[in-house]
Structure formats: structure tokens, C-alpha cells
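First up is the structure itself, then whatever we jot down about it.
For clarity, every value in this text was computed on a predicted model and none was experimentally measured. Every heavy atom of this structure was used, including side-chain atoms; hydrogens, water molecules and symmetry mates were not.
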Amino acid sequence: MGLENVFKNCRVDSCDKDVEIIDYGCGQGLASFLFLEEFYSDFKKGISKIKLIEPSSLALKRARIISQRYSPNIVHINKKLDDLETKDLETDQSLWKIHLFSNILDVNNFDVDKLFNKIKKRN
């Protein structure tokens with residue numbers, strides 16, 4: 001099942017606040033791209049920040065180029081998920097957050113509980 005099928009079951013009600021997207025294991029940015037292609041017009045104020053997390057510097061560069069179409073504020077973190085520090089996951093408390101995890105489902109070598117605990121501490 002592709003992301004297009006997943007998004008058929010999602011709904012973003014005309015969001016009137018600024019938004020931050022965090023894409024974990026973003027690869028070349030496909031999840032962010034597909035999400036924004038589907039829902040970008042629903043964000044009335046826009047996307048304030050996109051945070052891309054990916055261990056491959058080449059894929060991360062590509063994701064950054066694609067994401068710049070939607071937000072001028074792109075933060076890229078070139079690390080494996082287990083190497084993330086709590087400070088890497090800091091977010092602006094005034095922004096709504098959208099966490100994308102689409103490309104980490106097949107990653108075997110990381111501790112999902114450790115990652116979620118770090119996210120909860122900073123959000």
C-alpha cells in the first residue's frame with residue numbers, strides 16, 4: 001500500500017496555525033513531498049519549518065531541494081535515528097507538528113522506544 005492510499009484516510013482541516021513537519025528517515029523526501037502535495041493548500045499560514053532526518057547525505061541533499069518548494073526554513077540532520085540527541089528533536093512550541101515516519105518501518109537497526117522517548121521530551 002502506497003502513501004497515496006494512506007492519505008486517502010487522512011484529513012487536515014484547514015489549519016490556521018503555522019506548522020512544522022519532522023520527517024524521520026526521510027530518504028529523498030518522498031513522504032514529505034507526497035504529504036505536502038496532498039495537503040499543502042489546507043495550511044492557511046503555511047509551513048514554517050521542515051526538519052529532515054536522514055543518515056545518507058546524498059539522499060538528504062535531494063530531500064532538501066524538494067522541500068524548499070514548500071518552506072524556506074529547512075533543517076537537515078545527517079544522522080542515524082539512534083544517534084539523534086534530544087536537542088536535535090527540539091521544536092518550536094508555538095507550531096503545530098506533523099511527524100512523518102513512513103520510511104523507518106523497514107529499518108531494523110534502531111530502538112523505536114528510545115526514539116519516541118526523545119521525541120516526547122522535546123515536543
Side-chain angles (χ1 to χ4, degrees):
M1 175 159 75
L3 287 174
E4 296 89 354
N5 291 329
V6 171
F7 292 150
K8 287 179 185 175
N9 296 313
C10 293
R11 192 177 94 211
V12 175
D13 293 326
S14 298
C15 179
D16 61 356
K17 292 184 76 173
D18 289 332
V19 175
E20 176 178 359
I21 294 175
I22 304 107
D23 192 345
Y24 301 85
C26 69
Q28 296 180 39
L30 183 61
S32 292
F33 172 74
L34 291 174
F35 178 83
L36 289 164
E37 281 295 300
E38 182 71 26
F39 297 113
Y40 185 71
S41 64
D42 293 329
F43 297 108
K44 301 300 180 207
K45 291 210 173 194
I47 308 300
S48 291
K49 182 190 296 185
I50 300 174
K51 187 176 290 188
L52 303 167
I53 303 169
E54 170 61 38
S56 167
S57 58
L58 186 57
L60 190 59
K61 181 178 180 180
R62 177 75 173 145
R64 183 182 179 113
I65 290 167
I66 290 169
S67 297
Q68 287 174 335
R69 175 179 176 192
Y70 301 99
S71 176
N73 188 3
I74 308 296
V75 175
H76 60 282
I77 300 172
N78 189 206
K79 292 183 179 181
K80 293 180 180 180
L81 297 174
D82 275 343
D83 295 338
L84 290 171
E85 299 173 33
T86 306
K87 69 177 182 166
D88 293 325
L89 301 173
E90 288 180 353
T91 60
D92 184 331
Q93 296 301 314
S94 68
L95 301 176
W96 283 16
K97 287 106 183 133
I98 297 172
H99 298 268
L100 299 174
F101 297 96
S102 68
N103 293 327
I104 67 168
L105 298 176
D106 61 348
V107 176
N108 296 322
N109 299 328
F110 84 98
D111 184 338
V112 70
D113 292 328
K114 182 178 168 184
L115 176 62
F116 283 121
N117 285 329
K118 287 178 186 177
I119 292 168
K120 287 188 329 188
K121 284 182 183 176
R122 287 316 209 181
N123 292 294

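Tested against E85, the residues K118, K79, K80 include a single salt bridge (charged side-chain N to carboxylate O under 4.0 Å, His left out) partner, K79. Between I74 and the choices I50, I47, I65, the side chain to side chain contact (heavy atoms under 4.5 Å, CB included) rule is met once, by I50.
A distance-only check finds a donor-acceptor pair linking the side chain of D82 to the backbone of D111 [under 3.5 Å]. For the pair E20 (side chain) and K97 (backbone), a donor-acceptor distance under 3.5 Å is absent.
Contact between L81 and Y24 at its shortest, heavy atoms only, is CD2-CB, 4.2 Å. Contact detail for D18 and S48: the closest heavy-atom pair is CB-OG, 3.0 Å. Across all their heavy atoms, E90 and K51 have their closest contact at O-NZ, 2.6 Å. In terms of heavy-atom proximity, I77 sits nearest to D88 at CD1-O, 3.4 Å.
No path of Ile, Leu, Val, Met, Phe, Trp and Tyr side chains, each step under 4.5 Å between heavy atoms, connects L95 with V75, placing them in separate hydrophobic clusters. A continuous path of Ile, Leu, Val, Met, Phe, Trp and Tyr side chains, each step under 4.5 Å between heavy atoms, connects F33 with L36, placing both in one hydrophobic cluster. Grouping the Ile, Leu, Val, Met, Phe, Trp and Tyr side chains by contacts below 4.5 angstrom, directly or via other members, places L34 with I98. Under the 4.5 Å side-chain heavy-atom criterion for Ile, Leu, Val, Met, Phe, Trp and Tyr, I119 and I53 are members of the same hydrophobic cluster.
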All N/O donor-acceptor pairs, side-chain side in residues 55-63, below 3.5 Å, sequence neighbours left out:
residue	atom	partner	partner atom	Å
S56	OG	A59	N	3.2

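Here the CG-CD1 distance, from L89 to I22, works out to 8.0 Å after rounding to the nearest 0.5 Å.
With sequence neighbours excluded, no residue forms a side-chain hydrogen bond (donor to acceptor under 3.5 Å, both in side chains) with D83.
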Item to complete: Apply side chain to side chain contact (heavy atoms under 4.5 Å, CB included) to L100 and S32, showing your working.
Response: CA-CA 7 Å; L100 299 174; S32 292; 3.8 Å; yes
Worksheet item: Do R64 and E54 pass the salt bridge (Lys or Arg N to Asp or Glu O under 4.0 Å) test, and can you show the C-alpha distance, the side-chain angles, and the key distance before you say yes or no?
Response: CA-CA 11 Å; R64 183 182 179 113; E54 170 61 38; over 6 Å; no
Worksheet item: Could you go step by step and tell me if F101 and F116 meet the side chain to side chain contact (heavy atoms under 4.5 Å, CB included) rule?
Response: CA-CA 11 Å; F101 297 96; F116 283 121; 3.6 Å; yes
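For the residue pair D92 and S94, a side-chain donor N or O sits within less than 3.5 Å of a side-chain acceptor on the partner.
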